[in-house]
Amino acid sequence: MIIIVDDDADQRLALKLGLELSGYPVREAANGAEALDLQREHASRFLITDIFMPESDGFETIAAFRREFPHTKIIAVSGGGMRAKHDYLASARLIGVDATLQKPFDVDELLRMLRSMETGRP
Amino acid sequence: MLALASLIPLAAFGGLVAYLLVQHQRESLSEAAQSRALTFLTAVDSELDSETSALRALAAVPSLSDGDLAYFRRIAADVLKSQPNWLRITVSSPAGAIVLSVPETTRAASGRAELEGGLAGTVTAAPLPVGDVSFDPDFSRWVFPVHVPVRRGGNLNYVLSATVAAAAMNDIIAAQRLPGDWGAVIIDRNNRFVARNWDAEKFIGQLASPSLRAALAKSPHGWFQGRTVEGKEVYSPYWRSEKTGWAVSMGYPTSAVGAEASRVAWLLGVGLLLALAVALLLARMISGRIAEPIASLAGATDAIARGVAPELAKRTDIEEVRKLEGAMLSAAEAVRERKTLLEREKHALESADRAKDEFLAMLSHELRNPLAALTSAAHVLKIADPASRAASEARRVVERQTKQMTRLVGDLLDISRITLGRLTLDLDRLDLGEAVARLVNTWNASGRFERHRVTLDTKPAWVDADRARIEQIAANLLDNALKFTPSGKAITIGVGVEGGEAVLRVADEGAGIAPGDAERVFELFVSGDRAGAGLGIGLALVKRLAELHGGSVSVQSAGTGAGTVFVVRLPAAAAPANVDAAPLARRAIASRAVLIVEDNDDARRMLEAALALEGHVVRSAANGKSGLALADQTRPDVALIDIGLPDIDGYEVARHLRAKHNGRRISLVAVTGFGQPEDQQRAIDAGFDAHIVKPVNPERLKQVLAELA
């Protein structure tokens, strides 16, 4: 089971369709709070979260998951932002995400990532 | 005699030219030096910004506010390891008392962060809160702190600080690749050295030279001639950062300023001296009535060089001297104008440059997001059965996202067209209220308002306008409101006529605008300083389009967090004498009030979107009873009714509607999953005019509505 967090409905939808076709059940959340609610209801193994969401900072989502659900694998994605030099993904790695992807990314690459996390092999 | 006297004005003029030439030489040198200082400062700001970035990520760890400090300590230790220049991470109360320190050191154990007075004030006031340099006995090194506020629910709970080795800043000076005999320094808010390329060990933590301190006290940036702390004679450009309060300065030996300037100055100086000698000689020879005005003119050259209007005390009756006076007065005026113009241009260029960098970063973000959706959709289309639901949804994603990108690119092109004066309007008499309502309905149907409480109140307001541009204005205002208004808050859209003007008002309960920033929101590339803010094009486009229509746009906000109201005013036009006259008639007939009663959310939204795109005014209900109530309120022209509703079935809804609205013609269309002839017959018997089979084909829907018109 995978939770996708992104404020953009189309990005969630397209990614969800892609992952479902490869056999992963997916739940969607538009912000970090929604994702936490979903996870408390029923724990997912993977979290794919955007870092630059308007209402909730992706960092907070990541840190909250890390603490409450230490076994959930977290993949952070980002399309960059206001500050040219600001590396959001590097900051995300600092607070302990398992992998990062720069938007736009190839779904096959994400699938490879998920599989290696499942088997525990790189 | 007079011919000889004319030599005197010539000499005076020669002196003036010499002075201006030297001045010009110095000015261009100073400009080059100052732009170098600004580059240097930008590098320093960036470095401090990236130090803060890691701290900001750490500040998001929620255990800080939950009191789980053991967990926080572990993460902080990891982060500390990853940052080569960081020596210590501390968490302090807003008052400055240390709550936690990694690693535990004696200085930290003493209980107070060595930080200037009200820590809370520092952290909230500066855009990039950086402290001052000090000697840290625990590490025996010079250090400075960077801070990040930790907020929960709007309150400042803690201040998170990192102690950074001052030596980190030496690398930035090295990266400037200065010529060998140039010096460069970084100083803190107290004017003490943080880093220095000459004799760093000796001077770090010491006060900067008196001449630099005096210059900084006078103006946040500029250049001066003075002495370094070790007594070297230098020219120095300097610049203080608005973000951190730190400053940078460079010094290069006065001898290096270039023999060119001194040679020109020397030659012209000799020329001036000669001319003055001749002038003195002549002045003695001719009467005092010439000498006095000339003396006054010589005094005036000083004033011209300073850029102030010269005062000419004595009037003279010698024609040539009077003319010279006039010429000097206008020269003085020209010098002054040029000076202010240069300053203004320089300032504009600097802020344009900053805005450009932010714009490019945002543009890449705005393009990456639709690309992310498109890449995922392409993946789906590559592997899914083309007839599957997944494939059709992916195709819709592609459609929507390409539309969005097209709009973005369109806005960019329009801005450049308007800037170049190449945009022409296709004017038409139209109702602003109807145009806005149509757009709002389309957006509503596509689900864009799902997360907000959107209300629309339009009255007819006729204008002579370009329909596409009016939609662009409204779309950008709505886009802006959605972007800056949190979920669940209200957005209110109103159109009406006020005092001879058609007025569109979009009010939100969103982020608001800080006092003083209100007019800046319409500047190109200026955007809100927060996550999700856009490119800074939309509102600039609104303003320019409104002005092209002879109108205006204004904004009001009671301050940050207090919501915002945008008001567009366009010159009102008379309502057409006969609203039924062509070509408006076609539009009026084409656009109808349609009621949808459908319990399946996806199906309902699809119908809403298809109808709204055709220009119909759409209302919808999710069950039979609320459908009937809505029909009473809104008196639709057409009702599309699903047969399998959760409460009362579609046949019954139809019977009720027929009975109640007997005197008035309402067209009823059944929407069912059954397509057999007997199903159709049953629908006709219940009072339906037409029957459509699910899934509804938009073309078939269009055809049925046309037949019923």
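Here the structure is a predicted model, which means the values were calculated and not measured. To find a chain, count down the sequence lines: A is the first, B the second, and so on, and within it residues start at 1.
- In this structure the side chain of B:Leu371 never reaches within 4.5 angstrom of the side chain of A:Lys103, judged on heavy atoms.
- The closest side-chain heavy-atom distance from B:Gln401 to A:Gln11 is not below 4.5 Å.
- Interface residue A:Leu111: only side-chain heavy atoms are found under 4.5 Å from chain B.
- A 4.5 Å side-chain heavy-atom check between A:Asp10 and B:Glu399 finds every atom pair outside the cut-off.
- The NZ atom of A:Lys16 lies 8.0 Å from the CD atom of B:Glu393; values are rounded to the nearest 0.5 Å.
- Considering OG of B:Ser487 and CG of A:Asn31, their distance stands at 6.5 Å, rounded to 0.5 Å.
- To the nearest 0.5 Å, the span separating CZ on B:Arg368 from CZ on A:Phe105 amounts to 12.0 Å.
- Heavy atoms closer than 4.5 Å to chain A are found nowhere in B:Glu450, neither backbone nor side chain.
- Atom CG of A:Leu17 is separated from atom CZ of B:Arg389 by 7.5 Å, given to the nearest 0.5 angstrom.
- If you take CG on A:Asp8 and CG on B:Asn369, they are separated by 6.5 Å, rounding to the nearest 0.5 Å.
- With values rounded to the nearest 0.5 angstrom, B:Lys483 atom NZ is found 11.0 Å from A:Asp7 atom CG.
- The greatest number of non-hydrogen atom pairs below 4.5 Å with chain B, out of A:Leu19, A:Asp108, A:Leu110, is found for A:Asp108.
- Residues B:Val380 and A:Leu21 are in side-chain contact: their nearest non-hydrogen atoms beyond the backbone lie under 4.5 Å apart.
- Taking every heavy atom of both residues into account, A:Ala14 and B:Ala377 meet most closely at CB-N, 3.9 Å.
- Neither the backbone nor the side chain of A:Arg12 comes within contact range of chain B; no heavy atom of the residue lies under 4.5 Å from a heavy atom of that chain.
- Using a cut-off of 4.0 Å between Lys/Arg side-chain N and Asp/Glu carboxylate O, A:Glu34 and B:Arg451 are scored as salt-bridged.
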